[in-house]
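Comments concern the structure below.
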Amino acid sequence: MPLPAPTSTPAPTLAPAEIKQDVHDRVHAHRDELLALSRRIHAHPETAFEEHRAAAWCAELLRDHGYLVTAPAHGLATAFSASLGSGPVTVALVCEYDALPGLGHACGHNLIAAAGLGAALGLAPYAEQLGLTVRVIGAPAEERGAGKALLLEAGAFDGVDAAMMVHPCPVEVADFRSFALGTLSVRYTGRAAHPSLNPHEGRNAADALTVAQVAIGLLRQQLPPHWRVHGVTTAAGTAPNLIPDSASAEYEIRASAAEDLVELRARVEDCFRAGALATGCEVELTRPEPDYLDMRSDSGLLTLWRANAAALGRPEPVESGPFACTDMGNVSHVVPSIHPVLDITGGACAPHEAAFAEAALGAEAERAVLDGAVAMAWTAADLAASLAAGLAADPSGAVNAVATNE
């Protein structure tokens with residue numbers, strides 16, 4: 001839900017220019033340690049819920065610079081929470097650091113962690129003056145596991161007025177939009193039999209999965225353009241001279257909005273039930289992780305981000321429909337949030353490609369760390385200034401409004 005704009009104020013109140021310049025300089029003063037952290041995380045990739053070293057390195061750096069750190073946090077062994085300041089406006093800087101199985105940091109989460117910490121270090125000396133409480137949230141398992149959904153449920157974002165993060169990409173987009181994503185584990189149980197001696201006594205679990213896959217293939221003809229169904233078979237028998245009594249698959253479903261995901265899941269699950277019905281098998285359908293909701297960026301925060309990114313000379317952002325998925329979407333349904341993506345490859349390669357892991361160490365990646373850190377810090381400072389101005393004009397108002405010119 002967007003932050004409502006006070007009707008009496010036509011444009012944001014910005015943080016003082018001298019503060020913003022010093023924040024910029026402080027981020028760049030930490031350049032070497034931020035880029036060293038990025039390279040260190042990149043060189044030691046850890047997958048979902050296994051990011052023990054990355055989380056510890058981030059927590060250690062924050063602790064060294066005055067943050068009060070809790071690690072582990074919120075019931076997750078590789079999550080952390082760090083805070084500094086006691087102002088009335090709480091801004092959450094979200095860090096990711098998990099890698100992809102077999103591909104390492106081909107999504108560039110090493111850069112996300114470094115940018116989030118850079119923003120935190122830049123804001124640290126001015127948190128009290130700006131009226132900020134800066135909270136850094138170390139969020140594991142974005143690639144698989146929906147770590148932010150678990151953190152949200154555990155209270156990690158309670159009391160947060162705005163949340164933000166940046167992500168590397170092959171294109172520059174301020175208003176990043178994502179698909180809603182659901183996962184589905186499928187297991188068929190049939191009855192084993194010999195395929196020539198007594199096939200009539202068998203119940204072929206692999207056939208059940210085949211029927212379901214055919215049904216899904218036909219279903220795709222009637223799905224809206226932004227609905228997706230895709231998956232892999234993980235087991236379907238071990239030998240051709242044995243009717244398999246078990247088969248399994250892992251599927252993902254995607255839709256442009258969380259509301260649509262509910263209908264899509266029901267239709268896909270019916271296809272799997274049809275496979276069981278047609279073959280006399282039993283089917284078990286489970287959700288291995290929470291759904292990822294679609295990203296809904298806050299318009300007021302986007303206004304501030306765009307101005308700050310432009311001031312840093314970032315490329316002109318393009319408009320884009322939904323692509324990819326992120327559990328930051330879950331946060332955005334509860335807390336005003338932004339998730340801009342920063343171009344590091346110029347379209348040469350995309351996340352989840354091996355070449356993108358190489359790009360996540362390049363010069364444009366390093367620029368994205370520093371630009372992302374400064375722009376997030378400036379956006380947090382401007383937000384605090386806008387809210388402070390709004391409260392000064394209306395002392396009875398709650399801390400929940402940012403002036404926009406949209």
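Numbers here are sequence positions counted from 1.
- With sequence neighbours excluded, no residue forms a salt bridge (charged side-chain N to carboxylate O under 4.0 Å, His left out) with E142.
- Listed for the Y188 side chain is no donor-acceptor partner under 3.5 Å among the backbone atoms of L209.
- By the 6.0 Å contact criterion, CD on E282 is open, its count of non-hydrogen atoms from other residues, nucleotides or ligands being 12 or less.
- Residue pairs meeting the ring pair (Phe, Tyr, Trp, His ring centres under 6.0 Å) criterion with at least one member in residues 353-384: none, sequence neighbours excluded.
- Between the side chain of D382 and the backbone N or O of L14, no donor-acceptor pair lies under 3.5 Å.
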Margin query: Applying side chain to side chain donor-acceptor pair (under 3.5 Å) to T183 and E252, what does each step give before you reach the verdict?
Written below: CA-CA 5 Å; T183 53; E252 292 184 346; over 6 Å; no

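- No side-chain heavy atom of V27 sits under 4.5 Å from any side-chain heavy atom of L121.
- H167 has its ring centre less than 6.0 Å from the ring centre of H109.
- R314 and R367 make their closest contact through NH1-NE, 3.5 Å (heavy atoms, listed as atom of the first residue, atom of the second, distance).
- Legend: residues meeting side-chain contact (heavy atoms from CB on, under 4.5 Å) with D175, ordered by chain and number and at least two apart, are R177, S297, L302, R306.
- The two residues V94 and A139 make their nearest non-hydrogen contact at CG1-CB, 4.1 Å.
- Side-chain contact between L151 and P140 is present, with at least one heavy-atom pair separated by less than 4.5 Å.
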With side chain to side chain contact (heavy atoms under 4.5 Å, CB included) as the criterion, how do R220 and I216 come out once you've worked through the C-alpha distance, each side chain's angles and the decisive distance to 0.1 Å? CA-CA 6 Å; R220 288 191 178 103; I216 290 169; 3.9 Å; yes

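- E284 places no side-chain N or O within donor-acceptor distance of the main-chain N or O of R187, the cut-off being under 3.5 Å.
- Here the shortest heavy-atom pairing between A99 and P45 reads CB-CB, 3.5 Å.
- Listed by chain and number, the residues in a salt bridge (charged side-chain N to carboxylate O under 4.0 Å, His left out) with R203 amount to none (sequence neighbours excluded).
- A pairwise comparison of heavy atoms in Q213 and Y251 identifies CG-OH, 3.4 Å as the closest pair.
- Side chain of D327 to backbone of A149: no donor-acceptor contact under 3.5 angstrom is found.
- Sorted by first then second residue, the side-chain hydrogen bond (donor to acceptor under 3.5 Å, both in side chains) pairs that include residues 259-268, not counting sequence neighbours, are E259-R296, R265-D291.
- Evaluation of the side-chain contact (heavy atoms from CB on, under 4.5 Å) rule for L218 yields V214, Q221 as partners, not counting sequence neighbours.
- In this structure, the side chain of R228 engages the main chain of P225 through a donor-acceptor pair within 3.5 Å.
- Side-chain atoms of L100 and E143, non-hydrogen and from C-beta on, do get closer than 4.5 Å to each other.
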Under 3.5 Å, sequence neighbours excluded: what are the donor-acceptor pairs made by side chains of residues 57-82?
{"residue": "H65", "atom": "NE2", "partner": "E33", "partner atom": "OE1", "Å": "3.3"}
{"residue": "Y67", "atom": "OH", "partner": "A120", "partner atom": "O", "Å": "2.7"}
{"residue": "T78", "atom": "OG1", "partner": "E51", "partner atom": "OE1", "Å": "2.8"}

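- Take T279 and apply the side-chain contact (heavy atoms from CB on, under 4.5 Å) test, not counting sequence neighbours, and it matches D207, A208, V211, C281.
- Looking at S320 and V171, their side chains never come closer than 4.5 Å, going by heavy atoms from C-beta outward.
- Applying the salt bridge (charged side-chain N to carboxylate O under 4.0 Å, His left out) test to E50 and every residue at least two apart in sequence or in another chain returns nothing.
- Using a 4.5 Å heavy-atom cutoff, the side chains of H352 and C107 are in contact.
- Checking side-chain atoms of E353 against main-chain N and O of A106 turns up no donor-acceptor pair under 3.5 Å.
- Within the 4.5 Å cutoff, no side-chain heavy atoms of D294 are placed close to those of P322.
- The shortest side-chain heavy-atom distance between V186 and L285 falls under the 4.5 Å cut-off.
- Between the side chain of Y292 and the backbone N or O of A146, at least one donor-acceptor pair lies under 3.5 Å.
- For E289, the salt bridge (charged side-chain N to carboxylate O under 4.0 Å, His left out) test picks out R144, with sequence neighbours left out.
- Inter-residue side-chain proximity for F176 and S332 is flagged as unmet; no heavy-atom pair is nearer than 4.5 Å.
- At least one donor-acceptor pair closer than 3.5 Å links the side chain of T133 to the backbone N or O of G87.
- Legend: ring pair (Phe, Tyr, Trp, His ring centres under 6.0 Å) pairs involving residues 210-237, not counting sequence neighbours: none detected.
- Counting all heavy atoms, side chain and backbone alike, A114 lies closest to S38 at CB-CB, 3.9 Å.
- In terms of the side-chain contact (heavy atoms from CB on, under 4.5 Å) criterion, residue partners of P244 (sequence neighbours excluded) are, by chain and number, N204, A206.
- Of all heavy-atom pairs spanning P88 and D161, the tightest one is O-OD2, 3.6 Å.
- Side chain of H105 to backbone of I41: a donor-acceptor contact under 3.5 angstrom is found.
- Formation of a donor-acceptor pair under 3.5 Å by the N110 side chain with backbone atoms of R39 is not found in this model.
- Note that OG1 of T90 and CZ of R135 are 5.5 Å apart. Values are rounded to the nearest 0.5 Å.
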